[in-house]
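Structure first, then comments.
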There are 2 protein chains.
Amino acid sequence: MINKLEMFIAVAKEGHFGRAAESLGVTQPTLSTGIKQLEENLGVQLIFRGSRYGGLTPEGARALVWARRLVGDARAFREEMRVSRHGLSGHLRLAVIPTALTWAAKLSARFAEAHPKVRFTILSRNSSDILKMLENLEVDAGLSYLDNEPLGRMTTAPIYTERYTLVCHADNPLALQSQVTWADLAGERLCLLTPDMQNRRIINQCFMEADVTPDALVEANSTLVLAAHVEQGGWVTILPSDMARFLSAGKHLAIVPIMGAHVEHIVGLVAPFREPHTPVLDALLTQAAGLNRA
Amino acid sequence: MINKLEMFIAVAKEGHFGRAAESLGVTQPTLSTGIKQLEENLGVQLIFRGSRYGGLTPEGARALVWARRLVGDARAFREEMRVSRHGLSGHLRLAVIPTALTWAAKLSARFAEAHPKVRFTILSRNSSDILKMLENLEVDAGLSYLDNEPLGRMTTAPIYTERYTLVCHADNPLALQSQVTWADLAGERLCLLTPDMQNRRIINQCFMEADVTPDALVEANSTLVLAAHVEQGGWVTILPSDMARFLSAGKHLAIVPIMGAHVEHIVGLVAPFREPHTPVLDALLTQAAGLNRA
DNA sequence: AATTTCAATAGCGAAATGCAATCAATCAGG
DNA sequence: CCTGATTGATTGCATTTCGCTATTGAAATT
């Protein structure tokens, strides 16, 4: 039953029987019969298909919600039993927005101190991908904006609020100012994150409110790329203060606070709501609460 | 997986492999290996046993919570899929405290009007048994006190509040009074529910507060027995007004309100919390809300 | 029209499931 | 300390299920 549901989730996610089968490590016929059996077992057609995947039926969409719940709970159950034997250990998969990657490191560092046997996988993703991955049980938790995207049944733990700063080459005239306004950046050659990132949309919003049309000459999905461009000279970028400090350290770069950057966005841990949580996730949420206080 | 969990739940409930196997319609060896496989699969011992059932291990107790969740959700899932095909139909199992049986009838009558294809099983049980049966998934919902026993993760819908009245033979001198006090009942030959019933404990409490030691000469677990005794003469009983009216109708009995019976207890529908509910249960909760307004 | 893509189906060996029969350990009573 | 009853584990065997390879059939693409 549970493994059939996993198959169903995989097909719904991939939209393709062959790829879904591959992702599960089974052959396509196995997955085909699995779905068929699930449908017969439930007495409902879940997937439209006539020699090709044709989307979920309405019942299939409802079933997907249950399937995720059941599979997620079954994994949490196994996890809890495993932990009760081997102590807090195993693998914690985290998806993190690029601007929060330094905080992810802080979080995992502190966590590892307390629970050295836990391994981490940390993936850089945009916030909407993080939600999708949480839904599909591809990661255990996310580090993302808590106050922006609509989060369904999720547990959250705030960690910090983003404050934006300008990062420019030390030779840039702006580097001499004690602070700048969004309007000051009108003519600058900007280097920003790609628009699929929540962070970029927030910055766009700030420019809009200052009646400035920003000129993003370079777009990237990694803050490292932004900083590297700024170091080359000719470009400037906008980063949360923490990330700005991390990337500019030891380089010929300047950090200038941006006035009127009053829009503060809360970043924190996001995990599927489940009662009780897995022991590792529980420990992680505790750790996040500690970081928030600090 | 799911069926192994069902086995585990059955063993935990029965405290006996043979009986658990019988209750599931499998043989004892099948169940024995089922439990063993579950334990191997999870890597944890769930049940103490050496040629005899010896209770759950600590891990077993934790696992039981998950097992109930998973099995309950799996059933709710199946139910929802079934309903999406055959419309609102099937079997609704209800456990009801004896004093609320007339309300159970009201509830099922109204429900049947709206959803004629749903069959009912209504069992009379005391309130603590109702909670146990809900936990073990033996019933879908209960009709019981909402304000007394500690209910864990449950959905509730209030329906009415109990008000106690004296029921006595019409020839009894008390029948002439417009109302009586708890103290007035001191010398009467009382016929009450057994002490395992919450209702009886509430009545004991009322007597205690009036400094009266009640004299329950007949105890029964059915209100019908109480009324029948009262009709025979010589006994009096105490019943919620609605039940009193129902049982005394057409008989030579009198109903007298009891003064100072200010302790009102809320009775309503109780069902395991689950998101979303099964469609039938959802409809039942709606129906209960309707009854409450009426 | 030829080719490619994609899911369903057939056939087969391996693994699992579930039963009846049996065994081993424990308990109650004499 | 023995004896019969209880209770769960074990064994052996038939049946079913599972998952693979190979193939087919139907659309989509060229």
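Below, chain A is the first sequence line, B the second, and so on; all start at residue 1.
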Mind listing the closest non-hydrogen atom pair of [X] and [Y] along with its distance?
X         : Y         : result
Arg200(B) : Pro195(B) : CG-CA, 3.7 Å
Ser144(B) : Ile130(B) : CB-CD1, 4.0 Å
Trp66(B)  : Glu275(A) : CH2-O, 4.4 Å
Leu24(B)  : Glu6(B)   : CD1-O, 4.2 Å

Residue pairs passing the side chain to side chain donor-acceptor pair (under 3.5 Å) test where at least one lies in residues 15-27 of chain A, sequence neighbours excluded
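Counting only pairs at least two positions apart or across chains, the side chain to side chain donor-acceptor pair (under 3.5 Å) contacts touching residues 15-27 of chain A are Thr27(A)-Thr30(A).
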Set of residues satisfying side chain to side chain contact (heavy atoms under 4.5 Å, CB included) with respect to Ala100(A), sequence neighbours excluded
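In terms of side chain to side chain contact (heavy atoms under 4.5 Å, CB included), with neighbours along the sequence ignored, Ala100(A) is linked to Val96(A), Ile97(A), Leu143(A), Tyr160(A), Val267(A).
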Using chain A heavy atoms and a threshold of under 4.0 Å, write down where along DNA chain D the contacts begin and end, 5' to 3'.
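With heavy atoms of chain A under 4.0 Å away, the range is dC18(D) to dA28(D).
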Under 4.0 angstrom, heavy atoms only, what part of the nucleic acid is Arg52(B) near: base, sugar-phosphate, or nothing?
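Arg52(B): base contact, heavy atoms under 4.0 Å.
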Lys36(A) side chain near dT9(C) phosphate (N/O to OP1/OP2, under 4.0 Å):
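Yes, within the criterion.
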Qualifying salt bridge (charged side-chain N to carboxylate O under 4.0 Å, His left out) pairs with a residue from residues 46-60 of chain A, counting only residues at least two apart or across chains
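Applying salt bridge (charged side-chain N to carboxylate O under 4.0 Å, His left out) to every pair that reaches into residues 46-60 of chain A, excluding sequence neighbours, yields Glu39(A)-Arg49(A).
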Measure the angle between the two terminal helix axes of the helix from dA1(C)-dT30(D) to dG30(C)-dC1(D), five base pairs each, and quote it to 10°.
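It works out to 30° between the end axes.
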Please check if any side-chain donor atom of Ser32(B) sits under 3.5 Å from a side-chain acceptor atom of Gln28(B), or the reverse.
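Yes - a donor-acceptor pair under 3.5 Å links their side chains.
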Within the 3.5 Å criterion, strictly below it, is a donor on Arg82(A) or Ser89(A) matched to an acceptor on the partner's side chain?
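Result is yes, a qualifying pair exists.
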What one-letter contact string describes nucleotides 16-21 of chain C from 5' to 3', where B marks a base within less than 4.0 Å of any protein heavy atom, S marks contact via sugar-phosphate atoms alone, and - marks no contact?
-SSBBB
Ring centre gap for Tyr53(A) and Phe48(A) strictly below 6.0 Å:
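They do not qualify: ring centres at least 6.0 Å apart.
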To the nearest Å, how far apart are Tyr53(B) OH and dA25(C) C1'?
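Rounding to the nearest Å, OH of Tyr53(B) and C1' of dA25(C) are 19 Å apart.
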